[in-house]
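Reading through the structure tokens given below for one structure.
Numbering of ligands and ligand atoms starts at 1, following listing order.
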Amino acid sequence: MINSLDPLFEIVLQPLIIWSTVRFILLLMIVAFIFLKCVHRYLKWRKFVAIIDSIPGPPSLGILGHAMLVVQLDRQQFEYGTYVLLYQMLSSTRIIYGKEKICRFWLGLRPLVILFTPEAIETILSSNTLTDKATEYNLLRPWLGDGLVTSNRIKWKLRRKILTPAFHFRILQDFLPVINEHADVLVHKLANIAATRGEIVEIMSVMTLCTLDVICETAMGIKVKCQETESEYVNALHQVSELILFRLCRPWFWLDSIFFNTPHGKRFKRCLRTMKEFTLKVIKERKEDWLRCRSKAEDEKKDQQSAGEGEILKTASASDHFFYGEKRRLAFLDLLLEQHLDNDNMSIEDVCDEVDTFMFAGHDTTAMGISWTLYLLGLHDDVQEKLFEEIEQITKNFKESQNQFTIDDIKQMKYLDCVLKEVQRLYPTAPFIGREITHDVEINGYLIPKGTTCGILTFLLHRDPVTFPKPEHFDPDRFMPSNCVKRHPFAYIPFSAGPRNCIGQKFALLEQKIIVANVIKHFKVKAIDHRDKLVVTGEMVLRSRNGLRLLLTSRNQQKETFVNQNAYDFGSDLTVSKAETRNL
Ligand code: HEM
């Protein structure tokens with residue numbers, strides 16, 4: 001019997017047994033490999049946690065990190081939201097960790113290292129290899145996609161190269177009439193509000209609409225008249241920025257599949273749709289103009305070619321008609337469209353990402369810069385009067401037909417320059433700059449390992465009592481050239497520094513100067529609330545959650561004919577902001 005099974009055993013069963021054994025050994029090896037990999041990962045993670053925990057910071061709760069703090073703060077039901085409390089806690093980091101000059105937190109499994117001294121910040125910002133934005137910026141991606149603020153590495157480098165010419169001084173100079181025009185509309189609007197509303201104005205909401213008008217017409221080449229009609233875009237923008245912060249401090253909402261199925265996520269999507277519709281409209285209108293002008297230029301070219309070679313030289317100006325036009329204006333959006341339509345360097349999605357990015361970065365920032373400036377001027381009468389004298393001195397020399405500030409006038413606004421700088425010191429529009437640590441670095445004797453988020457708090461940096469004695473004191477003279485000589489180059493960085501500094505800073509200064517000069521020329525401003533009454537919070541930009549209220553008085557009632565002039569129609573409802581202070 002056994003003998004009859006032998007061939008069967010040899011032919012069928014033996015290979016089966018061998019194969020099963022091999023499979024078992026292979027499986028064992030795979031399991032052992034996965035196990036060892038997990039152990040390796042775990043040991044690596046333990047080492048990483050040990051390194052991070054050697055940096056001074058509050059004790060945390062394992063994988064929840066400091067997220068439990070958010071849950072505890074949520075229970076306080078603070079009127080202006082948990083994020084405000086968190087921000088105020090971060091802003092007091094120096095009180096506890098001032099000696100160590102560094103502090104770390106855990107956002108779930110992500111370590112966040114906070115820096116607030118010039119030397120430490122220089123190490124990060126001056127590096128050509130640490131240019132990636134922090135992973136947390138990914139929360140902006142559903143909105144800003146891969147635009148200049150959020151993109152990294154090759155994409156960012158290429159975009160930065162393409163977009164830099166749009167902010168050339170010669171081009172900015174051509175924007176002066178547009179900025180002056182919108183400042184004029186603003187002055188009329190403020191006069192109207194003052195006349196019909198008992199003169200108290202919440203300035204942030206008014207200013208946001210003005211700067212949105214400016215960015216749309218200068219950078220996008222489109223008149224949107226936000227100052228004269230209500231803007232759904234601005235309301236949606238406020239909600240989106242609040243929701244991003246809501247999400248940021250709750251790591252359990254970082255997964256899209258979870259967040260977008262919550263009521264907050266659904267509201268985020270609705271607001272995003274409103275904003276995208278607005279930017280798409282802007283792009284569509286300009287693209288149609290662009291195509292119309294291009295075909296017109298091509299027709300002219302053909303006509304001139306058939307007329308003879310001598311005429312061909314003229315074609316350049318014909319095709320440039322649109323870009324430079326009679327007013328010599330090259331909108332930033334045209335540059336994008338040129339890359340999209342002519343050079344195939346950008347898809348239409350890329351254009352949308354950049355438009356969304358610049359619409360946001362180009363208006364909310366300057367709106368806050370101007371609002372904080374007017375607010376602080378409203379608290380410091382002496383500074384306001386000195387500034388008014390400077391402006392008077394300039395306008396006294398206006399030629400007879402001149403009613404706008406020119407580039408030479410702006411160059412003379414030296415005191416205003418100091419005022420704007422001091423405002424950005426105390427209330428930096430961008431209060432937080434985040435970088436991804438992509439290779440180990442050493443700061444203040446502590447190793448910051450790859451995979452850490454580095455947070456630069458300009459709000460704290462600018463309050464360093466060594467660099468800025470009596471840091472809470474508002475004193476524009478700090479920025480007189482002779483007082484800046486010995487200052488560390490990274491002690492004051494409202495526009496960031498190094499390769500990823502603000503591309504729009506010259507634009508921002510120009511716009512802020514023209515608008516502030518126009519307002520102060522026409523009104524005396526007085527702040528209603530003292531600084532300790534403000535609920536200051538570092539959202540995407542630094543704002544006061546309970547507003548910045550100003551009392552406006554016309555400087556010369558007799559001369560001011562605009563008050564009841566109705567030169568501009570602002571609609572029946574002058575309530576321009578529906579800023580929601582939802583308790584997130
Ligand atoms: C008072 C006004 C402004 C302030 C204080 C400001 C500040 C800043 C800061 C601090 C950064 C670096 C952010 C980071 O690294 O996370 C930045 C980047 C940027 N800003 Fe501004 N900004 C202002 C106005 C503007 C304007 C008017 C525009 C456009 C017209 C603009 C466009 C940008 C862009 C595109 C970036 C990203 C640059 C890059 O990563 O290469 N900003 N800004």
Which bit of [X] gets closer than 4.0 Å to ligand 1, counting heavy atoms only: side chain, backbone, both or neither?
X: Q424; result: side chain
X: L148; result: both
X: N501; result: backbone
X: F495; result: both
X: R435; result: side chain
X: F358; result: side chain
X: M368; result: neither
X: C502; result: both
X: K133; result: side chain

Task: Identity of the nearest option to atom 26 (C) of ligand 1, non-hydrogen atoms only, from A361, A508, A219 - done: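 Closest candidate by heavy-atom distance is A361.
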Would [X] and [Y] pass as an ion pair if we require N to O under 4.0 Å?
X: K223; Y: E228; answer: no
X: E232; Y: R273; answer: no
X: K281; Y: E285; answer: yes

For [atom], what's the nearest protein heavy atom and its distance?
atom: atom 38 (C) of ligand 1; result: R160 NH1, 3.5 Å
atom: atom 12 (C) of ligand 1; result: S496 CB, 3.6 Å
atom: atom 16 (O) of ligand 1; result: Y137 OH, 2.6 Å
atom: atom 30 (C) of ligand 1; result: F167 CE2, 3.5 Å
atom: atom 24 (C) of ligand 1; result: T365 OG1, 3.2 Å
atom: atom 7 (C) of ligand 1; result: P494 O, 3.5 Å
atom: atom 36 (C) of ligand 1; result: V149 CG2, 3.8 Å
atom: atom 40 (O) of ligand 1; result: R500 NE, 3.0 Å

Task: Atoms in ligand 1 flagged as close to F507, the criterion being non-hydrogen separation under 4.0 Å - done: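 So the atoms of ligand 1 that pass are 27 (C).
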Open item on the list: At less than 4.0 angstrom from any non-hydrogen atom of A430, what atoms of ligand 1 do you find?
Closed with: 10 (C)
Does even one non-hydrogen atom of [X] get within less than 4.0 Å of ligand 1?
X: W156; result: yes
X: I215; result: yes
X: G369; result: no

Is the cationic atom of [X] (NZ for Lys, CZ for Arg) positioned less than 6.0 Å from the six-membered ring centroid of [Y] and within 45 degrees of its normal?
X: R487; Y: Y492; result: no
X: R141; Y: Y137; result: no
X: K386; Y: Y415; result: yes

Task: Short side-chain donor-acceptor distance under 3.5 Å, R500 and N152 - done: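 Looking only at side-chain atoms, R500 and N152 do form a donor-acceptor pair, the distance falling under 3.5 Å.
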Open item on the list: When you measure from the side chain of E202 to the backbone of G547, do you find a donor-acceptor pair of N or O atoms at a distance under 3.5 Å?
Closed with: no
Open item on the list: Strictly distance-based, threshold 3.5 Å: is any side-chain N or O of D350 a donor or acceptor partner for the main-chain N or O of S347?
Closed with: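 Yes; judged by distance alone, with no hydrogens or angles, the pair exists.
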Do the rings of [X] and [Y] sit parallel, tilted or perpendicular, given the 30° and 60° boundaries?
X: H380; Y: F474; result: tilted
X: F358; Y: F332; result: tilted
X: Y427; Y: W372; result: parallel

- [ ] Determine whether the aromatic ring centres of F253 and F246 lie less than 6.0 Å apart.
- [x] yes
Open item on the list: What's the separation between atom CZ in R94 and atom NZ in K101, rounded to the nearest 0.5 Å?
Closed with: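 One gets 10.0 Å once the value is rounded to the nearest 0.5 Å.
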